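Below, read A as the first sequence line, B as the second, and so on, with proteins coming before strands; counting in each chain starts at 1. For clarity, every value in this text was computed on a predicted model and none was experimentally measured.
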Amino acid sequence: MCGRYSFALSEGQVKEHFNNVEIAHLWRTSYNIAPTQHAFVITNDQPQKLQYLAWGLVPYWSNDGKNKGKLINARMEGIESRPSFRMPIREKRCLVLADSYYEWKQYGTQKRPYRIMLNNQPLMVMAGIWDAWNQGGYLVKTFSIITAPSSPDVAHIHSRMPVILDTKEKQAAWLGNINLSEIKRILGSLEANRLKSYPVSAKINSTSYDEPENHVEVPEIPDLFS
DNA sequence: CCAGACGTTGTT
DNA sequence: GTCTGG
DNA sequence: CCAGACGTTGTT
DNA sequence: GTCTGG
């Protein structure tokens, strides 16, 4: 799945990739982005600017925000018929900007975090959906990251992963007017050998630990049972 | 019909 | 064990 | 995702 | 808003 990620790139890198996109918020980077926190996305209705939205989709029909913080991921399988996602997947798609995501691998009763990124570019764009709900007169926009079965590259770490849009063509299409079959095709289009990964310090477990150290590789623990 | 959920992950 | 907060 | 709380009363 | 369960 994708329950933690990082975005520590420069404004210049992002403006260059997205053709001088407007940055409608104070520039923020983080080595440890957690659910409920805000992060940069580009939505299909305003593709010319970066927006800073809360991670954890709250559907437009929510009166009380009871699902707040729960809908951080949306499974691509059957997404078109889920009450919370059926409208957003058709009308409210977004690009979620990252440089890597973190995944915890189970070792018996222990867990160890890994960093996963594209093997040939610093920017990792994940496929998201967004929505806006009315919280007592304020329009609050939130987003969720779509997940898929893991690529063989990272299946040894975890069985699911975020959908990664690894080309500008896919990113543009994701924000365009496309139909459901095109949407599903893009969601399943990541080829093999596009990702690399390595273990990182368990200091990232703490959401308040937002340091460059989170990107530093640590030694692999020998598997006693292999 | 109304009431209540609406999600993912992993584990049993 | 399960929920909430980050 | 993980970490940390998980409760009440009364007082500051 | 829309689906599922009773």
Checklist entry - Shortest non-hydrogen contact from Cys2(A) to Ile72(A)? => result O-CD1, 4.3 Å
Item to check | Span of DNA chain D, from the first to the last nucleotide whose atoms fall under 4.0 Å of chain A heavy atoms | outcome: dC1(D) to dA3(D)
Next on the checklist: Counting runs of three or more consecutive pairs, Watson-Crick or G-U wobble, with each distance below 3.5 Å, where are the stems of DNA chain E?
Outcome noted: B:1-6 with E:1-6
Next on the checklist: Taking CG in Asn120(A) as the centre, count heavy atoms belonging to other residues, nucleotides or ligands within less than 6.0 Å. Is the count above 12?
Outcome noted: yes
Checklist entry - What is the nucleic acid contact for Glu103(A), judged by heavy atoms within less than 4.0 Å: base, sugar-phosphate only, or nothing? => result nothing
Item to check | Interatomic distance at P, dG10(B) relative to dC1(D), whole Å | outcome: 7 Å
Checklist entry - So if you build clusters from Ile, Leu, Val, Met, Phe, Trp, Tyr with side-chain heavy-atom gaps below 4.5 Å, do Tyr60(A) and Val58(A) land together? => result no
Checklist entry - With a 4.0 Å cut-off on heavy atoms, is Ser159(A) in touch with a base, just the backbone sugar-phosphate, or nothing at all? => result sugar-phosphate
Next on the checklist: Is it true that His17(A) and Gln121(A) share a donor-acceptor pair across their side chains at a distance under 3.5 Å?
Outcome noted: no
Next on the checklist: Counting the atoms with a prime plus P, OP1 and OP2 as sugar-phosphate, which does Tyr5(A) contact under 4.0 Å by heavy atoms, base, sugar-phosphate, or nothing?
Outcome noted: nothing
Checklist entry - So among Leu57(A), Asp131(A), Ile129(A), which one has a side-chain contact (heavy atoms from CB on, under 4.5 Å) with Leu71(A)? => result Leu57(A)
Close N or O pairs between protein and nucleotides 4-6 of chain C (under 3.5 Å):
unit_1 : atom_1 : unit_2   : atom_2 : d
dG6(C) : N7     : Pro35(A) : O      : 3.3
dG6(C) : N7     : Thr36(A) : OG1    : 2.9

Next on the checklist: What's the gap between dA3(B) and dT11(D) when it is taken at their P atoms, as a whole Å value?
Outcome noted: 44 Å
Checklist entry - Nearest heavy-atom pair of Met124(A) and Leu195(A): which atoms, and what distance? => result CE-CD2, 4.2 Å
Checklist entry - How close do Asn214(A) and Val200(A) get, heavy atom to heavy atom, and via which atoms? => result O-CG1, 3.4 Å
Checklist entry - Taking the same atom, C1', in dT8(B) and in dT2(C), what whole-Å distance lies between them? => result 16 Å
Item to check | C1' spacing across the pair dT12(B) / dC2(D), given as an integer number of angstrom | outcome: 22 Å
Item to check | Inter-nucleotide C1' distance (dG5(C), dA5(B)), Å rounded | outcome: 23 Å
Next on the checklist: Are there over 12 heavy-atom neighbours, none belonging to Glu211(A), within less than 6.0 Å of that residue's CD?
Outcome noted: yes
Checklist entry - If you measure from the C1' atom in dG7(B) to the same atom in dT4(E), how many Å do you get, rounded? => result 15 Å
Checklist entry - Which part of the nucleic acid, if any, lies within reach of Tyr102(A) when heavy atoms closer than 4.0 Å are counted: base, sugar-phosphate only, or nothing? => result nothing
Checklist entry - With a 4.0 Å cut-off on heavy atoms, is Ser144(A) in touch with a base, just the backbone sugar-phosphate, or nothing at all? => result nothing
Checklist entry - Quick check: are there more than 12 heavy atoms from other residues, nucleotides or ligands sitting under 6.0 Å from CG of Asp64(A)? => result yes
Checklist entry - Do other residues, nucleotides or ligands put more than 12 heavy atoms under 6.0 Å from Asn63(A) CG? => result no
Item to check | Any side-chain donor near an acceptor of the partner, Trp104(A) and Asn205(A), under 3.5 Å | outcome: yes
